[in-house]
Amino acid sequence: MEEREHASVMDAFRLFNKGESEKAYAMARKLLLKVKSTRAVMNSNLLLAYYFKNKSLADSSIFYVNEYLKYNIVGSDSLKMRDRAIACNIQGANYRIKGWFEESKKWFFKGIEAAQKYNDENQYYRNIHGLALCYSYTNEDTKALPLFKECIGYEANLEIVYGSYLNIGMIYAKLKNYELSDKYLQKGLELSKKYNSEQAMAVTLTNLAMNAKEQGKLDQAIRQYEEAIVICNRANLHQIRLSAKIDMGSVFVAAKKNGKARTIYMEALQKAIELGLLKQQMDIFQNLKTIAQNEGNYKSAFENLTKYQEIKDSISVLQKIEEINELEVRYETLRKEREIRVLQVENTNRMLELANQEEAIKNLELQREIKARENKHRILVLQHASEKSFNEISLLKKDQELQEANLAQEKRLKKTILISFLIILIPIIGLLVIYYQKLQAQSKLNTREKQINQQRITAIQKNQELKVIKAGVDAQNQERTRIAREIHDSIGGNLAAIKLQLSNPNVEDPKYIEKINRQIDDTYQQARNLSHNLIPPKFNGNNFCSVVEEYIRDIGSAGSLQTSFEAYPKKIISQLEAGLQIEVFKIIQELTTNTIKHAHADSMELYIGLGQDHSLCILFEDDGIGFEPENSNDGLGFNSIKSRLEKVSGSMDIDTRKGRGTVINIEISNAKPTEYET
């Protein structure tokens, strides 16, 4: 049992390391609710801590590290210390993200100590690098430099080596020693090119460009920023590309090229809004305000300043919300600790009660011994009395006659009690018959209600199908109307004009022919543009995730089945190709119908996630009676699902057994959002 749970957690870690973090997160959350072994619980908490740290959600990651450390008491000493060093590294990074640098340093020191104790070189350098970053952030450059230089020698982890070269270059740039800064940055750039680390190349180039700008080498700075942007576009490094764009705009401002700077800032602003990066939006509006002031356009400067202030205010609100969330976490932690103390007191009281009960048992045993001795004494007394009462036999005979009379009276009494019992039993039997009839009526009523609920669910399914069909028909009608209008208004008008001019007597005039040729070229271009725009209309009649959510919610409200639906990221999933959305919706309907008809479940959960590799994951779970998968292959419902999955290159895994519910995992590869030709 323990080994099977541990293997499941390791599967979740493998998903996380492959970049499928959302699947790994969903799997870890479910495992944390199911697993019983200490090792599985501990590693599930560690995976969740990794996940939230990578999402920069420091408070959540801190919580799961603390939960992990509560269980860090199993295994050999070396394994325990290695895992503790990993947890300390995550916790140090979390507090660095929050800006609590002193607390962050404490955790990195703990991680270094644990790694040194059992010669774990990898965790030692990870914690050394994290500590050096803290020193760098707190401007303790004299402490940071030797640590970064020590990390350069650890060639087993290229990420640490890249980061060390880069951070040393940044420290020397901060100290205005651009010669040494460029030297270390160039070494980092050579190493990143050698091992084809595009992220490291992009970051290093942006820092070299900043050095060139500070030294007045503006053309060189622009070339290096452009090279970094090309790498970012190739590797989809959106945030680094955005920072490079903003910095390149400041170079154009320094070169008095306000027009180019404004163009770059507007492009960067659009991307910052898409990514939700408020700090970068503030920087862009600040720079746009400066450009407008330099040009004397104070109205534009005021508008940009207003937008800058609005974002700044919204950041303050978000920070307050974060502080409130942090206080809530602290409150919950204190409350749990208080509950633990109460339980400890209750356990102490129970132990005292058990001790008192044991003492009482001992007293009872003593009392029994005393009574036994008293009985022995009474027997001796009776034996002595019997010898004296030999002459009283006649009296004993009379007593025997009295006892026989008492027995006869007891028989009459028992007969009377039996008759009374029968008199009471008859109404009870009648009541039981009435209760049985009532149960039968209730059973019929429940069966009828179940049929009504099934009819409601069927109606909901048909209603949702009609909505999907109506959305497709409406989109087709709108597209046909648009095409007809384009042909009539543009191409038809041009052809009529050409026909009119060809009937003119001056048609052989070269200038006149050239004019007609231009109109023919214009008509051809319009026809070409119209053909390029004949793309499949997007499924805009309904937001896909909203349709699924409404359908699942209606299923729950129609009966006693508790339903739950989650999707991430909803916006991108709703932009998938319309045909794929319809097939996925039909599959969800079939799974839901199977659960309602056969599973006898109390709850049902649905999760839809889209990974970075454009693989669509559908996780469906119920707590019903389950089934044997080998007996379901010939079922009409599963055959329908399999045929639909074949259309969209999908696969399905079923995890179920009789009596323990069903989990169905569906994966559809290459589920990219719809793209249109422009």
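The aromatic rings of Tyr50 and Phe13 sit perpendicular, their planes meeting at an angle over 60°, well past the 30° parallel limit. Ring-plane geometry between Tyr64 and Phe52 is classed as parallel, the angle between the planes falling under 30 degrees on a 0 to 90 degree scale with a further cut at 60.
Here the side chains of Lys647 and Ser643 are not in contact, with every heavy-atom distance at 4.5 Å or above. Residues Leu48 and Tyr25 have side chains in contact (heavy-atom distance under 4.5 Å, counting atoms from C-beta outward). Within the 4.5 Å cutoff, the side chain of Asn94 has no heavy atoms near those of the Asp59 side chain. A 4.5 Å side-chain heavy-atom check between Tyr68 and Gln91 finds every atom pair outside the cut-off. Side-chain contact check for Thr595 versus Phe620: some heavy-atom pair is nearer than 4.5 Å. Side-chain atoms of Lys18 and Lys23, non-hydrogen and from C-beta on, never get closer than 4.5 Å to each other. Two residues are said to be in side-chain contact when any heavy atoms from C-beta on lie closer than 4.5 Å; Leu288 and Tyr308 fail this criterion. Between Glu549 and Lys570 the shortest side-chain heavy-atom distance falls below 4.5 Å.
A side chain to side chain contact (heavy atoms under 4.5 Å, CB included) with Ile284 is found for exactly one of Ile311, Ile273, Asn304, Leu269, namely Leu269.
Of all the heavy atoms in Ile97 and Lys53, the pair that sits closest is CD1-O, 4.1 Å. Leu576 and Gln581 get closest at one heavy-atom pair: O-NE2, 3.0 Å. Of all heavy-atom pairs spanning Ala599 and Asp622, the tightest one is CB-OD2, 4.0 Å. Residues Ala49 and Ser61 share a closest heavy-atom pair of O-OG, 2.8 Å. Taking every heavy atom of both residues into account, Val648 and Ile668 meet most closely at O-CG2, 3.3 Å. The nearest pair of heavy atoms linking Val65 to Ala87 is CG1-O, 3.9 Å.
Within a 6.0 Å radius of CD in Glu303, more than 12 heavy atoms belonging to other residues, nucleotides or ligands are found. Environment of CE in Met10: crowded, with over 12 heavy atoms of neighbouring residues, nucleotides or ligands closer than 6.0 Å. Atom CD of Gln562 has 12 or fewer heavy atoms from other residues, nucleotides or ligands within 6.0 Å. Residue-environment remark: CD (Gln309) exceeds the threshold of 12 foreign heavy atoms within 6.0 Å.
To the nearest 0.5 angstrom, Arg126 atom CZ is 14.0 Å from Cys88 atom SG. Arg241 contributes atom CZ, which lies 9.0 Å from atom NE2 of His238 (distance to the nearest 0.5 angstrom). The structure places CZ of Arg14 at 9.0 Å from CE of Met27, a figure rounded to the nearest 0.5 Å. Once rounded to the nearest 0.5 Å, the distance linking CD1 of Ile240 with CD of Gln199 reads 4.5 Å. For the atom pair CD1 (Ile664) and CG (Asp655), the distance works out to 10.0 Å, reported to the nearest 0.5 Å. If you take CD1 on Ile587 and CD on Gln589, they are separated by 11.0 Å, rounding to the nearest 0.5 Å.
In this structure, the side chain of Ser104 does not engage the main chain of Trp100 through any donor-acceptor pair within 3.5 Å. Remark: side-chain polar atoms of Thr563 are paired, donor with acceptor, to backbone N or O of Ile552 under 3.5 angstrom. A donor-acceptor distance shorter than 3.5 angstrom exists from the side chain of Asp623 to the backbone of Ser603, with no hydrogens or angles considered.
Under a 4.0 Å N-O distance rule, the pair Lys271/Glu274 qualifies as a salt bridge. For the pair Glu590 and Arg644, the salt-bridge criterion is not met [side-chain N within less than 4.0 Å of a carboxylate O]. Taking 4.0 Å as the cut-off between side-chain N and carboxylate O, Lys70 and Glu67 count as a salt-bridged pair. Ionic pairing of Lys98 and Glu103 is not present here: no N-O contact between side-chain nitrogen and carboxylate oxygen is shorter than 4.0 angstrom.
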(request) Begin with the C-alpha distance, continue with both residues' side-chain angles, and end with the deciding distance and a verdict on side-chain contact (heavy atoms from CB on, under 4.5 Å) for Tyr137 and Arg96. (result) CA-CA 9 Å; Tyr137 288 150; Arg96 188 178 66 227; 3.3 Å; yes
(message) I'd like to know whether Leu610 forms a side-chain contact (heavy atoms from CB on, under 4.5 Å) with Tyr568, so could you lay out the CA-CA distance, the side-chain angles of the two residues, the decisive distance to 0.1 Å, and finally the verdict.
(response) CA-CA 7 Å; Leu610 185 64; Tyr568 181 87; over 6 Å; no
(request) May I have the step-by-step check of side-chain contact (heavy atoms from CB on, under 4.5 Å) for Ile588 and Ile608, ending in yes or no? (result) CA-CA 10 Å; Ile588 292 170; Ile608 302 177; 3.9 Å; yes
(request) Quick one: do Leu47 and Asn43 satisfy side-chain contact (heavy atoms from CB on, under 4.5 Å)? Show the steps, please. (result) CA-CA 6 Å; Leu47 176 55; Asn43 289 330; over 6 Å; no
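Residues passing the salt bridge (Lys or Arg N to Asp or Glu O under 4.0 Å) test with Asp613, sequence neighbours excluded: none.
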